[in-house]
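Here is the structure we will look at, set down as structure tokens.
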Amino acid sequence: MKLQKWHIPITIVLFISGVLLATALRALAANNATPWHQKNENLVAMIKTQEAEIKKLENSIESKRTSLDRFQRDVSLGKKELEKLQQQLQKLKTLSGMTEVKGPGLTITLDDNIKEYEAAQNKNPGLKPDDYLIHDKHILYIVNELRVGGAEAISVNDQRIVNSSDIRCVGPLILVNTTRLGPPYVIKAIGNPDSLARVLALPESEYNILKMAGYPVKYEKSTRLVIPPFKGSYQFTYARPKEE
Amino acid sequence: MDNAKKWRIPVFITFLLLGFLLSVQFRTQQIFLSDLSLQKTDDLVLMLKKLHDKRAELTKELSELEKQQHTFNADANAGETLIKGLRQDYQRQQIALGLLPVQGPGITITINTDSSVVYLDLVDIINELWASQAEAIAVNDQRVTPWTYIFWNKQNLSLMMNGVEITFPCTIKAIGNPDQLESGLRLLGGVLDHLAVYKVYPVIKRHQNLELPAASPPEIRYLKGENNG
């Protein structure tokens, strides 16, 4: 057989095919279990585990971030509510006498009628001094009159008069907020000085009655009075908010 | 011509085979590239190390987030306690000022005749009730507040409370310890003794549950607190 012209390219092609076939088979063989392959299998398993773990971590981080974000928004809302509540409370405390207050008003000074008493006793020894002393009722009625005149805060000898303040006597002692007071009695009231003075000037006012009886009483208008806070507390044992 | 035709078939088959082998080769190569187990060990080790580092980082991040949330929860609890305290205090101030409807045990004092009652008698009764630890008082369902004033109308001699006429029979409600409230009024030489002089005999009744309305907030014009100037 004679070597034909086309035999050479065929041979080259077949040769390349042979080489390729050999590499392909080797590669296929590598796919099957070889020691080198097995070692990597462990590594791959570890990588897969790590990847799964990372995925889980990423998911929990995402949900944590979402909930924290929501939380932070809630907290800032809560802070606003808190501030509002604190402001409202502060306003109520100013009204209920828990804080020192300032403002224009009137100061009344009442004292026992010692001079008249001594004069009367000289004429009539054995006369009781009761009719010449300042009593709890005098102060109580004057406080009510100051409220008629629109007083917004009242104190008697620096005892703040609050809603539940009681003014009474035990023997010769006057108690305000269960604190003993002695003459002279200084009553301060914050409000419009003119309207306060107008009530005191009424003929039936307790202040006017004392003045007519010759007690050493006086009042003074003021543009700036300071009234100290109530030192007691508000505790309720019986009263509770009405149920709806 | 005959020769030229003869070689075509083997060449065709050969090229077909070559094409097939090339495609197999390519596929194998693809598997090689995408399959981790077919990567170089060094690369795999490096990758594993990187994943390990990333996981450590994420774990740290998560624990920081958890810590933050924990702090937030603690803060929120503290905030809630604070708000609860403020609300209680607020309610207490409201009760003290007569700005909240209240209920509780107490007494009622009913005055059936107005013949000899003057406004000062009412001032005395209210003062005596406060002295007997009353916690809330209302006159004819008008709550007594720190701004309550009792006076009289000179034109028709009627009694006025906060500018509203007090009609008779007049009922004063007081919440507190009923025994204490009643015995305060009945003190020797006290309010009832004084009223008896004028032939006024109020009827006192004890109650398990009285309801008192709220007053409206006062209009403040002159008073200035610590914080508002």
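Every value quoted in this text rests on a predicted model; they were computed, and no experiment measured them. First the proteins, then the strands, lettered A, B, ... as listed; each starts at 1.
Heavy-atom distances place no part of Ile126(B) under 4.5 Å from chain A, backbone and side chain included. Contact of Phe71(A) with chain B is made through the side chain alone, with heavy-atom distances under 4.5 Å. If you measure heavy-atom distances from Leu202(A) to chain B, the contacts under 4.5 Å come from the side chain alone. If you measure heavy-atom distances from Asn177(B) to chain A, the contacts under 4.5 Å come from both the backbone and the side chain. For Thr178(A), no part sits under 4.5 Å from any heavy atom of chain B, backbone or side chain. With a 4.5 angstrom heavy-atom cutoff, Pro218(B) touches chain A only via side-chain atoms. Only the side chain of Leu100(B) comes within contact range of chain A, with heavy atoms under 4.5 Å apart. Using a 4.5 Å cut-off between heavy atoms, Tyr119(B) touches chain A through its side chain atoms alone. Within the 4.5 angstrom heavy-atom criterion, no atom of Asp136(A) approaches chain B. For a residue to count as touching a neighbouring chain, one of its non-hydrogen atoms must lie under 4.5 Å from one of that chain's; by this rule Ala151(A) touches chain B with the backbone only.
The closest side-chain heavy-atom distance from Tyr222(B) to Leu225(A) is not below 4.5 Å. Residues Ile95(B) and Tyr234(A) form no side-chain contact, since every pair of their non-hydrogen atoms from C-beta on lies 4.5 Å or further apart. By the 4.5 Å heavy-atom criterion applied to side chains, Gln68(B) and Gln72(A) are counted as neighbours. The closest side-chain heavy-atom distance from Lys242(A) to Leu212(B) is not below 4.5 Å. Inter-residue side-chain proximity for Thr94(A) and Ile220(B) is flagged as unmet; no heavy-atom pair is nearer than 4.5 Å. Annotation: side chain of Asp89(B) is in contact with side chain of Lys93(A) (closest heavy-atom distance under 4.5 Å). Between Tyr149(B) and Val143(A), every side-chain heavy-atom pair lies at or beyond the 4.5 Å cut-off. Taking 4.5 Å as the limit, some side-chain heavy atom of Glu58(A) sits within range of a side-chain heavy atom of Lys54(B).
Among residues two or more places apart in sequence or in another chain, the side chain to side chain donor-acceptor pair (under 3.5 Å) test is passed with Trp152(B) by Glu204(A). Looking at residues two or more places apart in sequence or on another chain, you find a salt bridge (charged side-chain N to carboxylate O under 4.0 Å, His left out) between Arg65(A) and Glu61(B). In terms of the side chain to side chain donor-acceptor pair (under 3.5 Å) criterion, Thr59(B) has no residue partners (sequence neighbours excluded).
Here Ala96(B) is the residue among Pro213(B), Ala96(B), Gly104(B) with the most heavy-atom pairs under 4.5 Å with chain A. Taking Asn127(B), Ile83(B), Val45(B) one by one and counting their heavy-atom pairs under 4.5 Å with chain A, the maximum is reached by Asn127(B). For the set Glu152(A), Glu145(A), Arg147(A), Glu53(A), the entry with the most heavy-atom pairs within less than 4.5 Å of chain B is Glu152(A). Most heavy-atom pairs under 4.5 Å with chain A: of the set Ala131(B), Pro146(B), Ala134(B), Pro105(B), this distinction falls to Pro146(B). Contact count against chain B (heavy-atom pairs under 4.5 Å) is highest for Ile47(A) among Ile167(A), Ile47(A), Val199(A). Taking Ile137(B), Thr148(B), Asp75(B), Leu17(B) one by one and counting their heavy-atom pairs under 4.5 Å with chain A, the maximum is reached by Thr148(B).
Put simply, CD on Glu64(B) and CD1 on Ile61(A) are 10.0 Å apart, with the number rounded to the nearest 0.5 Å. A distance of 6.0 Å separates CG of Leu43(A) from CG of Leu48(B), quoted to the nearest 0.5 Å. Annotation: the span from Ile54(A) atom CD1 to Leu51(B) atom CG amounts to 4.5 Å, rounded to 0.5 Å. Interatomic distance, CD of Gln93(B) versus CG of Leu89(A), reported as 6.0 Å (0.5 Å rounding). Separation of atoms CD (Glu62(A)) and CG (Leu65(B)) is listed at 11.5 Å; rounding is to 0.5 Å. With values rounded to the nearest 0.5 angstrom, Trp147(B) atom CH2 is found 10.5 Å from Ile154(A) atom CD1.
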Stepwise, does the side-chain contact (heavy atoms from CB on, under 4.5 Å) test hold for Leu97(B) with Asn163(A)?
CA-CA 7 Å; Leu97(B) 287 165; Asn163(A) 200 14; 6.0 Å; no

CA sep, side-chain torsions, deciding dist, call: Asp124(B), Leu140(A), side-chain contact (heavy atoms from CB on, under 4.5 Å):
CA-CA 8 Å; Asp124(B) 282 342; Leu140(A) 177 65; 3.6 Å; yes

Pair Arg55(B)-Leu57(A), side-chain contact (heavy atoms from CB on, under 4.5 Å): steps then yes or no
CA-CA 8 Å; Arg55(B) 186 181 164 187; Leu57(A) 276 170; 3.7 Å; yes

Mind running side-chain contact (heavy atoms from CB on, under 4.5 Å) on Met47(B) and Gln50(A) for me, showing each step along the way?
CA-CA 10 Å; Met47(B) 188 177 171; Gln50(A) 290 286 17; over 6 Å; no

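Put simply, the side chain of Gln69(B) never gets that close to the backbone of Leu68(A): no donor and acceptor are under 3.5 Å apart. Between the side chain of Arg168(A) and the backbone N or O of Glu128(B) there is no donor-acceptor pair closer than 3.5 Å. A donor-acceptor pair under 3.5 Å is absent between the side-chain atoms of Asp166(A) and the main chain of Ser132(B), judged by distance alone. Remark: the backbone N or O of Ala239(A) is paired with a side-chain donor or acceptor of Glu135(B) at under 3.5 angstrom. Side-chain atoms of Asn144(A) come within 3.5 Å of backbone atoms of Ile150(B) as a donor-acceptor pair (strictly under, hydrogens ignored).
Surrounding CD of Glu57(B) are at most 12 heavy atoms belonging to other residues, nucleotides or ligands under 6.0 Å away. For CZ of Arg206(B), the number of neighbouring non-hydrogen atoms (other residues, nucleotides, ligands) closer than 6.0 Å is greater than 12. The environment of His207(B) atom NE2 is dense: over 12 non-hydrogen atoms of other residues, nucleotides or ligands sit within 6.0 angstrom.
Annotation: residues 79-87 of chain A contacts chain B through Glu81(A), Leu82(A), Leu85(A), Gln86(A) [non-hydrogen atoms, separation under 4.5 Å].
With respect to the salt-bridge test (charged N to carboxylate O, under 4.0 angstrom), the residues Glu66(B) and Lys64(A) qualify.
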